[in-house]
Amino acid sequence: MQGRYNPQEIEPRWQQWWQAQEIYFAPDPTAAEMADPSSGPRKFYTMSMFPYPSGDLHMGHMRNYTIGDVLVRYHKMRGERVLSPMGWDAFGLPAENAAIKDGIHPAIRTPQNVAEMKRQFEKMGAMFDWRREVNSSTPDYYKWTQWLFLKLYERGLAYKRKAPVNWCPKDETVLANEQVVNGHCERCGTQVIKRDLSQWFFKITAYADRLLNDLDKLPDWPERVATMQRNWIGRSEGAEVDFPIVGSDAQVRVFTTRPDTLWGATFMVLAPEHPLVDAITSSGQREAVQAYKQEASKQTEIERMSTVKEKTGVPTGGYAINPVNGQQIPIWIADYVLMGYGTGAIMAVPAHDQRDYEFANKFSLPIIEVVSSPEAKLEIEAWAGEGKMVNSGPLNGIPAGKGEGQSVKAAIKWLEEQGTGRGTVIFRLRDWLISRQRYWGAPIPIIYCDACGMQPVPEADLPVLLPLDVAFKPGGESPLARDPNFVNTTCPQCGGAARRETDTMDTFVDSSWYFLRYTDAKNDGTPFRRDYADYWMAVDQYIGGIEHAILHLMYARFFTKALHDMGMVSIEEPFQRLFTQGMVYKDGAKMSKSKGNVVPIDNFVDTLGADAGRLYVLFMGPPADDVEWSDQGAQGASRFLYRLWATLEQGVDLKARPSSEGATNLDNDSKALLRVAHRAIAKVSDNIERYHYNTIVSTCMEMLNSMVEYKGKHGITPAFSEAATILLLLLAPVTPHITEEIWHQLGGEGSIHVRPWPAANPEFIAAPELTIVVQVNGKVRDRITVPAEADEDTVKAAALSNAKVQPYLNSNPPTSVVYVAGKLVNIVIK
RNA sequence: GCGCUAGUGGCGGAAUUGGUAUACGCGUAUGCCUUAGGAGCAUAUGCCCGUAAGGGAUUGGGGGUUCAAGUCCCUCCUAGCGCACCA
């Protein structure tokens, strides 16, 4: 190539040219294409999770987005209609906390950060359709977030309720269950406390079964993400049973997965927060119960959930009647029973549940065996193994278990006949709490009128604008509540004075539908056109971090299903394939600004160039794995590009195709070079499909090594030219700038990025000679070269007469000879 | 405690899914070029024995299946992730 490889000169030039050529833009489908997608090119919708605009990008980000960009460019070269949009998850706590810290309003800071990040995306050569850019914090977007809230409200999927909720004292807001990790705020790590507040929820539990079952329709999701979602949804089959309370009309309902052990229930335990506790408690126990409740409420989630903790509890003095045998059993309260799961009350079967067993032992409560257990077993611990039902009235003799014909099914049948209980299914999943007492989010579009009650904001009045001139510091209530201009409004029903809801929505609401907005990003009449969404959806490939395995990915699935049920979109699952990429570490820690171990994209690109960065982040390791950053490794990637530049000289003919003209007049070295090139096509294509991006790079490196060696012997020949053309095309998705530059310098027409992806010629992949490994008892002793068409007997004979093999055969005739076609001969001797 | 996933040279990693282990790169060594180089080029380079030719062992440990195991099975160890008093 002419001059020295100079990425700083080449890269911005091509980036501008690509923008001007609009090669990144995905056109809207035509009516004919929407009616019959096969009438147009195949669509390919791929996206990376949109980032929070923090401002600075480092090489960890570069890795994430390069993974997607390679895929985008590859599919584009395959002639598909690629949609690759990008946007900004701009609402939320990080932006607001940063604003509080340095006193710049998030509405001012956010666009600055967006501009800065966009510049860096372009600088790394990422191929996005910026015409479809979305920003969740701008009114043209959150208008539709609010609109969708109202649609959910109409269908009863958004509701307000007073409930004990997770409250982060530092961020001064409530959190969703999903945002509490081990009793701590997912964002800031502060211990979460419980508060009783009136809050807005989305009824995600109505979709629990579908969210669970449809995971089976997602075979191209990582199994561990599906598993995490299954665990989170936590489906549990069992029965609910009502226990009448002695001396009262009230009943306590319990959930159990083992209704067959009801005859062994010797006491009941309620969660301290259970609403019936006060009614059940006898006057003699009132003081002790109150004290225990106080103590429990002070405990953190962590202390409460600890498995190692010794059981505690107090009797209420009240009694319940076991409905299966009429026996009176004492009712206790204890913190090992959680109000948030099941009914907040359990029947205790100490003989067959280890927790109940420990509790019974500590407080000297009776233990009754109802599943036959090994002798003396119950003197040590509860028996949860197999056995026959005993002491259990109608169930006696039935094998214990959940299977067909076993005790659990029999017990449910019996309970339903008696009318004392019924089979049921419960979930661990709770409704999604979406209210936030924070400023930087989409206002919830609800109005409270003293006369007419709660009223949704009429569609015509959307968006409910987030006022920009309020003091946005949190203070235990939403900052919006302090702005009378915002709060005071008129009732859409009666026109009288009314107040606005002042909470804002969780930012996960914003991100639950943005992938739909991309299909029709600038529409101001509806959130998106159904026909556009139906054409592009589902997202063929979604790429993001494992940290969103539960939160975002489940919320987005819920939204998609809800919108499907409203007739707004046809698909029921938003993301066909999911890829979770690994993180980049440096000096042993995840690369992040707060740890001070980042390699900023700007610094890197300014020294070694975007192509070197892209090449290296892919080469570091498999995209799904975490990798450790190495400055020296990056140097190696850069070195490869200089070598590429020096090897492809003027005189290479991009139109030379000796492989398509037949092999007859080619010398062996040229055939060998073309074999390397065509094998590389097959390998790289396969690698891209299977996310083995690191071996794309090594395959190209090997190919260049072969080319350098060949050129040293033969110079630039038609075979070399063909190999050079193939290498440029294979590298184009990975290193788009240098390949475009060389392509043009060698006289290529148009952009290399819209050239067709090369096809491997099978005739040139096959080798004329094969290397056959010769083993004796599985150990390699030699390698022999045979013509490709040699038959089994010929190869075996050659192996047996091999000089290295002979010494082993002298006294030992082979007992068998195994031949693996084209690969090896294994001679088995005694 | 339960459930995944992984463990290959000095380092990052490869291995067409049971068939040549250590590709490719980094690092290191030697030489060349250079006023200089933390730049570039060439050659070598997993380990042990050997000057060499050559030989031997080897994919966390142990056992097994097979003509053949990094790959499959059992078991143990280590690390990471997820779940965890869920009735």
Side-chain angles (χ1 to χ4, degrees), chain A residues 182 222-232 234-236 238-239 254-259 261 265 268-269 271 304-311 334-338 340-349 352-356 358-359 426-428 546-547 549-550 615-616 619-622 624-640 642-643 646 679 682-683 686-687 690 692 694-705 771-783 804 814-829:
Chain A
N182 285 333
E223 188 50 46
R224 69 174 177 144
V225 174
T227 303
M228 282 163 74
Q229 292 209 355
R230 277 189 196 101
N231 290 342
W232 188 261
R235 184 177 195 272
S236 194
V254 304
F255 173 80
T256 175
T257 55
R258 291 304 298 266
T261 63
M268 281 186 89
V269 186
R304 178 100 183 243
M305 305 279 259
S306 166
T307 34
V308 292
K309 203 183 77 173
E310 198 176 331
K311 296 279 179 293
D335 63 6
Y336 81 92
V337 175
L338 309 172
Y341 184 74
T343 61
I346 62 159
M347 62 168 196
V349 184
H352 306 292
D353 181 286
Q354 187 60 23
R355 295 155 300 180
D356 298 344
E358 285 165 18
F359 195 84
I426 65 161
F427 294 91
R428 213 184 71 121
I546 186 72
E547 68 273 18
I550 296 175
L615 190 73
Y616 179 56
F619 186 52
M620 286 173 88
D625 291 6
D626 292 342
V627 286
E628 175 79 22
W629 178 264
S630 153
D631 286 327
Q632 287 164 328
Q635 280 287 347
S638 170
R639 204 169 291 147
F640 168 77
Y642 278 93
R643 235 173 134 219
R679 281 182 177 172
K683 178 124 196 271
D686 181 62
N687 285 163
R690 292 164 50 175
H692 292 192
N694 49 331
T695 53
I696 295 173
V697 178
S698 54
T699 302
C700 290
M701 285 173 166
E702 287 177 76
M703 189 173 158
L704 182 64
N705 289 345
T771 299
I772 301 290
V773 170
V774 181
Q775 296 179 330
V776 176
N777 284 349
K779 278 198 194 307
V780 178
R781 293 300 168 189
D782 203 1
R783 297 175 173 85
K804 295 267 178 58
T815 54
S816 75
V817 179
V818 178
Y819 175 61
V820 181
K823 291 220 166 107
L824 61 77
V825 175
N826 188 11
I827 299 163
V828 186
I829 56 175

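Letters A, B, ... are given to chains in the order of the sequence lines, protein chains preceding strands, and every chain is numbered from 1.
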Below the 4.0 Å mark, does [N] have OP1 or OP2 next to a side-chain nitrogen or oxygen of [X]?
{"X": "N705(A)", "N": "G25(B)", "value": "yes"}
{"X": "R428(A)", "N": "C83(B)", "value": "no"}
{"X": "R639(A)", "N": "G40(B)", "value": "yes"}

So what's [N] paired with, Watson-Crick or G-U wobble, going by both distances under 3.5 Å?
{"N": "U66(B)", "result": "none"}
{"N": "A87(B)", "result": "none"}
{"N": "U43(B)", "result": "A29(B)"}
{"N": "U35(B)", "result": "none"}
{"N": "U22(B)", "result": "none"}
{"N": "U16(B)", "result": "none"}
{"N": "G9(B)", "result": "none"}
{"N": "U71(B)", "result": "none"}

Measuring only the [atom1] atom in each nucleotide, how far is [N] from [M]? A whole number of Å is fine.
{"N": "A21(B)", "M": "A68(B)", "atom1": "C1'", "value": "14 Å"}
{"N": "U78(B)", "M": "G19(B)", "atom1": "C1'", "value": "30 Å"}
{"N": "U28(B)", "M": "G9(B)", "atom1": "C1'", "value": "13 Å"}
{"N": "C77(B)", "M": "A87(B)", "atom1": "C1'", "value": "35 Å"}
{"N": "U59(B)", "M": "G54(B)", "atom1": "P", "value": "24 Å"}
{"N": "G64(B)", "M": "G12(B)", "atom1": "C1'", "value": "33 Å"}
{"N": "G63(B)", "M": "A57(B)", "atom1": "P", "value": "15 Å"}
{"N": "G55(B)", "M": "G38(B)", "atom1": "P", "value": "42 Å"}

Which atom names give the shortest non-hydrogen contact between [X] and [Y], and what distance separates them?
{"X": "K804(A)", "Y": "D782(A)", "result": "CG-OD2, 3.5 Å"}
{"X": "L824(A)", "Y": "I772(A)", "result": "CA-CG2, 3.7 Å"}
{"X": "S236(A)", "Y": "T257(A)", "result": "OG-CG2, 3.4 Å"}
{"X": "N777(A)", "Y": "I829(A)", "result": "OD1-N, 3.0 Å"}

_Torsion-based syn/anti label for G9(B), 90° from 0 as limit_ =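 With its glycosidic angle within 90° of zero, G9(B) counts as syn.
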*Is U17(B) in the syn range, within 90° of 0, or in the anti range?*
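With its glycosidic angle within 90° of zero, U17(B) counts as syn.
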[X] [atom1] - [N] [atom2] separation (whole Å):
{"X": "E223(A)", "N": "G82(B)", "atom1": "CD", "atom2": "P", "result": "17 Å"}
{"X": "R224(A)", "N": "G80(B)", "atom1": "CZ", "atom2": "P", "result": "14 Å"}
{"X": "K804(A)", "N": "G54(B)", "atom1": "NZ", "atom2": "P", "result": "7 Å"}
{"X": "Q632(A)", "N": "G40(B)", "atom1": "CD", "atom2": "P", "result": "12 Å"}
{"X": "F640(A)", "N": "C41(B)", "atom1": "CZ", "atom2": "P", "result": "13 Å"}
{"X": "W629(A)", "N": "G25(B)", "atom1": "CH2", "atom2": "P", "result": "18 Å"}
{"X": "M701(A)", "N": "C26(B)", "atom1": "CE", "atom2": "C1'", "result": "10 Å"}
{"X": "E358(A)", "N": "A87(B)", "atom1": "CD", "atom2": "C1'", "result": "14 Å"}

*What distance do T695(A) atom OG1 and M701(A) atom CE have between them, rounded to the nearest 0.5 Å?*
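T695(A) OG1 to M701(A) CE: 12.0 Å, rounded to 0.5 Å.
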Closest to the [X] side chain, choosing from [options]:
{"X": "R355(A)", "options": "C86(B), C83(B), C26(B)", "result": "C86(B)"}
{"X": "L338(A)", "options": "C86(B), C24(B), C67(B)", "result": "C86(B)"}
{"X": "R781(A)", "options": "C41(B), C85(B), G56(B)", "result": "G56(B)"}

*Mark up nucleotides 5-20 of chain B, 5' to 3', with B wherever a protein heavy atom is under 4.0 angstrom from a base atom, S wherever such an atom reaches only the sugar-phosphate, and - elsewhere.*
-------BSSS-B-BB
Touch class at under 4.0 angstrom, heavy-atom based, for [X] against every strand present:
{"X": "S236(A)", "result": "sugar-phosphate"}
{"X": "S816(A)", "result": "nothing"}
{"X": "G636(A)", "result": "sugar-phosphate"}

_Testing N694(A), N687(A), D686(A) one by one against T699(A) for a side-chain contact (heavy atoms from CB on, under 4.5 Å), which residue passes?_
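Of the listed options, the one satisfying the test is N687(A).
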*Within the distance-only criterion (no hydrogens, no angle test), does the side chain of S816(A) pair as donor or acceptor with the backbone N or O of V828(A) below 3.5 angstrom?*
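Absent.
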*For Y336(A) and D356(A), does a side-chain donor sit closer than 3.5 Å to a side-chain acceptor?*
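Yes.
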_Could you check whether any side-chain heavy atom of Y616(A) comes within less than 4.5 Å of a side-chain heavy atom of S630(A), counting everything from C-beta outward?_
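With C-beta onward as the side chain, the pair touches.
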*Taking C-beta and beyond as the side chain, do R224(A) and I546(A) meet within less than 4.5 Å on heavy atoms?*
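Side-chain contact under 4.5 Å: yes.
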_Residue closer to the 5' end of RNA chain B, S630(A) versus W232(A) (nearest nucleotide)_ =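 First, find each residue's nearest nucleotide; the 5'-ward one identifies S630(A).
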